[in-house]
Structure formats: C-alpha cells, structure tokens
K.L.:
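Let me give you the structure first, and then I'll get to my questions.
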Amino acid sequence: SYFDEVCTSDIEKARAIYIWLTDNISYDAKSINKNKFGDNSAEGVLKSKKAVCAGYSNLFELFGKKMGLEILRVAGYSKNAEDEQEWYFVGEEPGHAWNVIRIEGEWKVFDATWGAGNGDTDRRGKLVFTKKYKEDWFNLDPFAAIFTHYPEDTSLMFVHPKITLEEYEKFPNVS
C-alpha cells in the first residue's frame, strides 16, 4: 500500500492512518440526528466517506492491521462536552469508540473521531459537524486519556491502579 512506502515505524504508520481518516472521513451528524446509523463497517465507511465513532475506529483498526500494527478497537464512555459539570454513566450503554495501539511496547490511545473536528448543536438542537483537525487525540498516554475515555472492557484501560466507572464520573472534566 501507499502507506507502507512512506512509513517505517509504528508511530509513522499510526500517524499516516490518523491523518488520512481525519482528512477523508466526515462525521455523520445526519445519522445521529435521525437516530438511524448508516454502514459503519470499515468497508461501508470507505465507500460513503462518512462515519460515527464506530466507523472511524473500525476503519482505523482495519488499516492498522493491514500495516502490521498491534491495534485494538475500544468501546466505552467519553466526556465530550467541556461545559458539562456532572456525568452519569453507571447503568448506561457505552456511547463512544476509539483505538489503542502498542507503540514501542506501550499502549497508547488514538481517537480519530475527535481528531476530525467538532460536533456542535445548532439553534434547532441538531448536531452539526465542523471539520477541524486536532492533534490532541493522537498517541495519548492512557493516564491522560482516562480523564475523557473510559473503556467498557477495563483490561483496555492501561492505567494502574484501575479506576471504577463511579470514580471516572467524578473526575474533573479535562479538555
């Protein structure tokens, strides 16, 4: 693949995929507003160039595996509103997905969905997506990511000691 020709290290491969995803895939705000999701399989996202978090993480995983990365898809809870003061996740279904990749022996967190831009609410209360590349969600230390990303499968947390979902709810909101 083209990526293989330009990338040698795992971090370069991860960067190439992250940049490609944030550049070429748009967040599918329409499907969120309709509460009817399109095809978020890796293949579906490649065709439509639209995705919600599941689609971004599925395609990141597919590309990563093809390039020999040790990559996993993670489902979990996220704190994505900077003005929110209180969070309630216990008893709720996880609403976000992202990836973890082992880079030089250490697991790091990657969220191409959040890297692709901003979701804002318009006057009618509908979600609107604005493309705006963000570096912040690339190659995050798990101890930094735990403030915003809590994996449903706690073996994918990569922080010690592990924290509970109740403790995560009480963490300060760190943007």
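Excluded from the calculations below are hydrogen atoms, water molecules and symmetry mates; all remaining heavy atoms, backbone and side chain alike, are included.
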K.L.:
For the side-chain contact (heavy atoms from CB on, under 4.5 Å) test, which of Thr113, Val109, Thr148 pairs with Trp137?
P.N.:
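When side-chain contact (heavy atoms from CB on, under 4.5 Å) is applied between Trp137 and each of Thr113, Val109, Thr148, only Thr148 qualifies.
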
K.L.:
side-chain contact (heavy atoms from CB on, under 4.5 Å) between Ile163 and Tyr150: does it pass, once the steps are laid out?
P.N.:
CA-CA 9 Å; Ile163 64 160; Tyr150 186 96; 3.8 Å; yes

K.L.:
How long is the span from the CD1 atom in Ile103 to the NZ atom in Lys13, to the nearest 0.5 Å?
P.N.:
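It comes to 10.0 Å.
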
K.L.:
Specify the closest pair of heavy atoms between Glu135 and Arg15, including all atoms of both residues, with the distance to one decimal.
P.N.:
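It is OE2-NH2, 2.7 Å.
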
K.L.:
Considering only heavy atoms from C-beta outward, does the side chain of Asp10 approach that of Glu104 to under 4.5 Å?
P.N.:
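Counting from C-beta outward, Asp10 and Glu104 never come under 4.5 Å.
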
K.L.:
Can you confirm whether more than 12 heavy atoms, excluding those of Glu106, are under 6.0 Å from its CD atom?
P.N.:
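Incorrect, the count does not exceed 12.
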
K.L.:
Do other residues, nucleotides or ligands put more than 12 heavy atoms under 6.0 Å from the NZ atom of Lys50?
P.N.:
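12 or below, so no.
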
K.L.:
Step by step, work out the ring pair (Phe, Tyr, Trp, His ring centres under 6.0 Å) result for Phe89 and Tyr168.
P.N.:
CA-CA 9 Å; Phe89 297 112; Tyr168 173 69; 5.4 Å; yes

K.L.:
On a heavy-atom basis, which atom in Lys108 and which in Asn139 lie closest, and how many Å separate them?
P.N.:
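It is CG-OD1, 3.1 Å.
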
K.L.:
Can you give me the closest heavy-atom contact between Ala42 and Leu59, atom names plus distance?
P.N.:
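What the structure gives for the nearest pair is O-CD1, 3.7 Å.
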
K.L.:
Could you walk me through whether Asp111 and His149 pass side-chain hydrogen bond (donor to acceptor under 3.5 Å, both in side chains), step by step?
P.N.:
CA-CA 9 Å; Asp111 189 338; His149 293 69; 2.7 Å; yes

K.L.:
Taking CD in Glu84 as the centre, count heavy atoms belonging to other residues, nucleotides or ligands within less than 6.0 Å. Is the count above 12?
P.N.:
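Yes - once you tally the heavy atoms of other residues, nucleotides and ligands closer than 6.0 Å, there are more than 12.
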
K.L.:
Is there a salt bridge (Lys or Arg N to Asp or Glu O under 4.0 Å) between Glu166 and Lys170 once you walk through the steps?
P.N.:
CA-CA 7 Å; Glu166 289 84 352; Lys170 294 184 183 89; over 6 Å; no

K.L.:
Output, in order, the C-alpha distance, side-chain angles, deciding distance and verdict of side-chain contact (heavy atoms from CB on, under 4.5 Å) for Leu21 and Phe110.
P.N.:
CA-CA 12 Å; Leu21 288 170; Phe110 296 79; over 6 Å; no

K.L.:
Within a radius of less than 6.0 Å around NZ of Lys162, do more than 12 heavy atoms belonging to other residues, nucleotides or ligands occur?
P.N.:
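Buried by this count: over 12 neighbours within 6.0 Å.
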
K.L.:
Using side-chain heavy atoms (C-beta onward) and a distance below 4.5 Å, is Ile17 in contact with Met67?
P.N.:
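The answer is yes; the side chains approach within 4.5 Å.
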
K.L.:
Check whether any side-chain N or O of Lys36 sits under 3.5 Å from a backbone N or O of Lys30 as a donor-acceptor pair, and report yes or no.
P.N.:
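Between the backbone of Lys30 and the side chain of Lys36 there is no qualifying donor-acceptor contact (under 3.5 Å).
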
K.L.:
Can you tell me how far the CD atom of Glu92 sits from the CH2 atom of Trp87, to the nearest 0.5 Å?
P.N.:
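So the CD of Glu92 and the CH2 of Trp87 are separated by 12.5 Å.
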
K.L.:
Looking only at heavy atoms, what is the nearest atom pair of Ala75 and Pro94, with distance?
P.N.:
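Shortest heavy-atom contact: C-CB, 4.5 Å.
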
K.L.:
Does anything in residues 26-48 form a ring pair (Phe, Tyr, Trp, His ring centres under 6.0 Å)? List the pairs, not counting sequence neighbours.
P.N.:
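Sorted pair list: Tyr27-Phe129.
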
K.L.:
What pair of heavy atoms forms the shortest contact from Ala97 to Ser57, and how long is it?
P.N.:
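Ala97 and Ser57 have their closest heavy atoms at CB-OG, 3.4 Å.
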
K.L.:
Assess the pair Phe63 and Trp20: is the distance between their ring centroids shorter than 6.0 Å?
P.N.:
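Yes: the rings meet the under 6.0 Å criterion.
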
K.L.:
According to ring pair (Phe, Tyr, Trp, His ring centres under 6.0 Å), who are the partners of Phe171, at least two apart in sequence or on a separate chain?
P.N.:
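Scan of Phe171 (ring pair (Phe, Tyr, Trp, His ring centres under 6.0 Å), adjacent residues dropped) gives Phe147.
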
K.L.:
Any side-chain heavy-atom pair from Tyr133 and Tyr18 closer than 4.5 angstrom?
P.N.:
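Answer yes - side chains close enough.
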
K.L.:
Please step through side-chain contact (heavy atoms from CB on, under 4.5 Å) for the pair Val45 and Asn58, ending with a clear verdict.
P.N.:
CA-CA 9 Å; Val45 172; Asn58 285 334; over 6 Å; no

K.L.:
Which of these, Ile32, Asp122, Asp120, sits in a side-chain contact (heavy atoms from CB on, under 4.5 Å) with Leu127?
P.N.:
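Checked Ile32, Asp122, Asp120 against Leu127; only one passes side-chain contact (heavy atoms from CB on, under 4.5 Å): Ile32.
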
K.L.:
Does some side-chain heavy atom of Pro151 sit less than 4.5 Å from a side-chain heavy atom of Trp98?
P.N.:
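Heavy-atom side-chain distance check passes, below 4.5 Å.
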
K.L.:
Working note: Lys134 + Asp136, criterion salt bridge (Lys or Arg N to Asp or Glu O under 4.0 Å); need CA distance, chi angles, decisive distance, verdict.
P.N.:
CA-CA 6 Å; Lys134 290 202 276 312; Asp136 316 12; over 6 Å; no

K.L.:
Is there a side-chain contact (heavy atoms from CB on, under 4.5 Å) between Asn40 and Asp28? Walk through the geometry before answering.
P.N.:
CA-CA 10 Å; Asn40 276 281; Asp28 193 0; 5.7 Å; no

K.L.:
In Å, rounded to the nearest 0.5 Å, how long is the span from CD1 of Ile101 to CD1 of Ile11?
P.N.:
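Ile101 atom CD1 to Ile11 atom CD1 measures 7.5 Å (nearest 0.5 Å).
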
K.L.:
Do you know which two heavy atoms are closest between Asn99 and Phe60, and how far apart they sit?
P.N.:
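Between these two residues, the closest heavy atoms are OD1-CB, 3.3 Å.
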
K.L.:
More than 12 foreign heavy atoms under 6.0 Å from NZ of Lys49: is that the case here?
P.N.:
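More than 12 heavy atoms, drawn from other residues, nucleotides or ligands, come within 6.0 Å of this atom.
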
K.L.:
So Met157 and Pro142, do their side chains get closer than 4.5 Å, heavy atoms only?
P.N.:
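Pro142 vs Met157: side chains apart.
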
